[in-house]
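Report on the structure given below.
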Amino acid sequence: MSKTLDALPDPNRWKALAFIALAQLMVVLDSTIVNIALPSAQTDLGISDGNKQWVITAYALAFGGLLLFGGRIADLWGRKRTFVVGLLGFAAASALGGVAQGEGMLFGSRALQGLFGALLAPSALSLLAVMFTDAKERAKAFGIYGAIAGGGGAVGLILGGFLTEYLNWRWTFFVNVPFAIAAAAGAYLVIREPSGSRNRAALDIPGVVLSTLGLVSLVYGFTRAESAGWSDSLTIGMFVAAGVLLSAFVLTEARVKSPLLPLRVVMDRNRGGVYLSLGLAIIAMFGLFLFLTYYLQLVKGYSPVKTGFAFLPMIAGMITGSTQIGARLMTRVPPRMLMGPGFLVAATGMLLLTQLDIGTSYAGVILPAELLLGLGMGSAFMPAMSLATHGIEPRDAGVASAMVNTSQQVGGAIGTALLNTIAAGATSAYIVDHVAGATDPKVLQLQATVAGFASAIWWAVGILVVASAIAVVLINTGRPGAGKPGASGEGASGLDDEFKIPVVAH
């Protein structure tokens, strides 16, 4: 039995937001900063080409596989405590990576980063969900958070380029330590969780095991597909195992008394629409980062630092879209009217990039494409992050937040593998079709590579259009403070309930 009461605003909530945003920036930076440093680390530690993928894969498997568990721990143990432990653990794991003397030590540190990241990420988002209860303040808070979540990866490319080029690859790990310690100290001093917001039910051990193994199998399946191919027996085996394990997980969650992931969290059409459309958008975005980075460095000859700066317009667009468009309009229009058009604007930017060739002008094509992508994604991400905890009880906020991160993590794994495979196939086909008339093999290879990128980007355009359609069709909640007849699931009266904290009687 529960009742809904207006929550008193936390006087330190804006200070808390600064430290939560700092932690989120660290996690998002880490997702791209290591990519820049990987070639140098591989040479320094003698990592083979066959094993280098584990620098990325070890983190992805631990992070993606344990996110739901991390969200449930936040609900059970307390979000502030989980947040601080996640930060300190992430700092220790980063320091271990920075002093790594061999590939085993580096892979282990990355797995530990993923483990503590799985505690940190959902607790950060769920803290925002339970601390900001006023509609306008919530819009501003999620605007800042959404801008960081969307643009932090591009900042990582700049910082990674600087650290690798002017210092050493090890600093891409060490740089996390001051971030984490500052955020942990600040969070410990200023964050205060609302009372009665924990879920103290017994931990669903079968759900933990099934979800972790299922998500690890799924993420590893897509990661392996990128290197070994879609027809590889182990790749297929991973997908089959993921399907069986995740199906068993859903059946288990429907029957146990205290599920790890209460099905009410994902069955609400608004939250389900957010998880699905956001995951699809991330597929497209990860492909963009991958292809544009390679294009600028391999075709245009940009240095790592120059490549990072080339992404600045996208960052500016994301910040503007999130804080000036999304945050200002979120309390005035229904979320679908920001997410649907936002994804379409991003698709328009992506469409410009299908025109890439060897001589493409940065100012004429890439710059406007990045601005459109940034504006569109920033406008869409902000309401998506907020709506992910729409109508949710605080005791479920951690696991609802974990679902956002899970959709992003799985979307990233799918995007990297799927779009890279499409690009590789198109590149090979281009070479076969044009090799007879080629006069310079190097030019042919560059032309084929760019043609492969353009083919994959066409798919990314289509994926963003589908994400827009899903957001418009599935998400039917009204604007904050305005009821919407006919909405289904929790919070059917609109977003009013989202801005009040239910106090649950146990």
Open item on the list: Tell me if a side-chain donor or acceptor on Ser468 pairs with a main-chain N or O of Leu464 at a distance below 3.5 Å.
Closed with: no

TODO: Begin with the C-alpha distance, continue with both residues' side-chain angles, and end with the deciding distance and a verdict on side-chain contact (heavy atoms from CB on, under 4.5 Å) for Met350 and Leu372.
DONE: CA-CA 8 Å; Met350 198 76 79; Leu372 287 170; over 6 Å; no

Task: N/O donor-acceptor pair under 3.5 Å between Thr212 side chain and Val209 backbone - done: no

Task: Flag, side chain of Ser322 to backbone of Ile319, donor-acceptor distance under 3.5 Å - done: no

Open item on the list: On a heavy-atom basis, which atom in Ile191 and which in Ala16 lie closest, and how many Å separate them?
Closed with: CG1-CB, 3.6 Å

Open item on the list: Can you confirm whether more than 12 heavy atoms, excluding those of Lys15, are under 6.0 Å from its NZ atom?
Closed with: no

- [ ] Any salt bridge (charged side-chain N to carboxylate O under 4.0 Å, His left out) involving residues 104-131? Give me the pairs, sequence neighbours left out, ordered by first then second residue.
- [x] Asp30-Arg110

- [ ] Could you walk me through whether Arg336 and Val473 pass side-chain contact (heavy atoms from CB on, under 4.5 Å), step by step?
- [x] CA-CA 8 Å; Arg336 69 181 182 277; Val473 172; over 6 Å; no

Task: Nearest heavy atoms of Phe179 and Leu25, plus distance in Å - done: CE2-CD2, 4.2 Å

Open item on the list: Rounded at 0.5 Å granularity, tell me how far CE in Met314 sits from CG in Leu292.
Closed with: 6.5 Å

- [ ] Answer yes or no: is there a side-chain heavy-atom contact under 4.5 Å between Leu218 and Met238?
- [x] no

Open item on the list: With side-chain contact (heavy atoms from CB on, under 4.5 Å) as the criterion, how do Asn270 and Val274 come out once you've worked through the C-alpha distance, each side chain's angles and the decisive distance to 0.1 Å?
Closed with: CA-CA 6 Å; Asn270 292 294; Val274 167; 5.9 Å; no

Open item on the list: Determine whether a donor-acceptor pair (N or O, by modelled atom type, separation under 3.5 Å) exists between the side chain of Arg269 and the backbone of Leu474.
Closed with: yes

Task: Close side-chain approach of Phe249 and Leu245, heavy atoms under 4.5 Å - done: no

Open item on the list: Could you measure the distance from the CZ atom of Phe69 to the CG atom of Leu260? Nearest 0.5 Å is fine.
Closed with: 8.5 Å

- [ ] Measure the CE-CG distance between Met285 and Leu373 for me, rounded to the nearest 0.5 Å.
- [x] 6.0 Å

TODO: Decide yes or no for Arg271 and Leu387: does some side-chain heavy atom of the first lie under 4.5 Å from some side-chain heavy atom of the second?
DONE: no

TODO: Give a yes or no on this: more than 12 heavy atoms of other residues, nucleotides or ligands lie within 6.0 Å of atom CE of Met267.
DONE: no

Open item on the list: Strictly distance-based, threshold 3.5 Å: is any side-chain N or O of Glu103 a donor or acceptor partner for the main-chain N or O of Ile47?
Closed with: no

Open item on the list: Once you measure the plane-to-plane angle for Trp169 and Phe173, does it fall in the parallel (<30°), tilted (30-60°) or perpendicular (>60°) bin?
Closed with: perpendicular

TODO: Could you tell me which non-hydrogen atom of Pro122 sits nearest to which non-hydrogen atom of Gly70, and how far apart they are?
DONE: CG-C, 4.0 Å

Open item on the list: Quick check: do Leu119 and Phe83 have side-chain heavy atoms less than 4.5 Å from each other?
Closed with: no

- [ ] Would you check if Asp204 and Arg72 make a side-chain contact, meaning some heavy-atom pair closer than 4.5 Å?
- [x] no

- [ ] Identify the two heavy atoms, one from Gly214 and one from Ala242, that lie closest to each other, and give their separation to 0.1 Å.
- [x] O-CB, 3.6 Å

TODO: Rounded to the nearest 0.5 Å, what's the gap from CG on Leu312 to CD1 on Ile315? Could you check?
DONE: 5.0 Å

TODO: Report the distance from atom CG of Leu120 to atom OG1 of Thr82, rounding to the nearest 0.5 Å.
DONE: 10.0 Å

- [ ] Verify whether the ring centers belonging to Phe239 and Phe222 lie closer than 6.0 Å.
- [x] yes

Task: Stepwise side-chain contact (heavy atoms from CB on, under 4.5 Å) check, Ser211 with Leu261 - done: CA-CA 9 Å; Ser211 68; Leu261 175 62; over 6 Å; no

TODO: With the side chain counted from C-beta on, respond yes when Pro259 and Val256 share a heavy-atom pair under 4.5 Å apart, and no when they do not.
DONE: yes

Open item on the list: To check you understand the geometry: which heavy-atom pair defines the closest contact between Leu278 and Ala384, and what is its length?
Closed with: CD1-CB, 4.2 Å

Open item on the list: Taking atom OH as the centre, does Tyr188 end up with more than 12 heavy-atom neighbours from other residues, nucleotides or ligands that are less than 6.0 angstrom away?
Closed with: no

TODO: Could you pull out the closest heavy-atom pair between Gly65 and Leu215, with the gap in Å?
DONE: CA-CB, 3.8 Å

Task: CZ on Phe90 to CG on Leu112, rounded to 0.5 Å - done: 10.5 Å

TODO: Side-chain contact test, heavy atoms from C-beta onward, threshold under 4.5 Å: evaluate it for Ser277 versus Phe343 and give yes or no.
DONE: yes

Open item on the list: Tell me whether Gln24 contacts the main-chain N or O of Ala124 through its side chain, where contact means a donor paired with an acceptor under 3.5 Å.
Closed with: no

Task: Any Leu246 side-chain heavy atom under 4.5 Å of Leu210 side chain - done: no

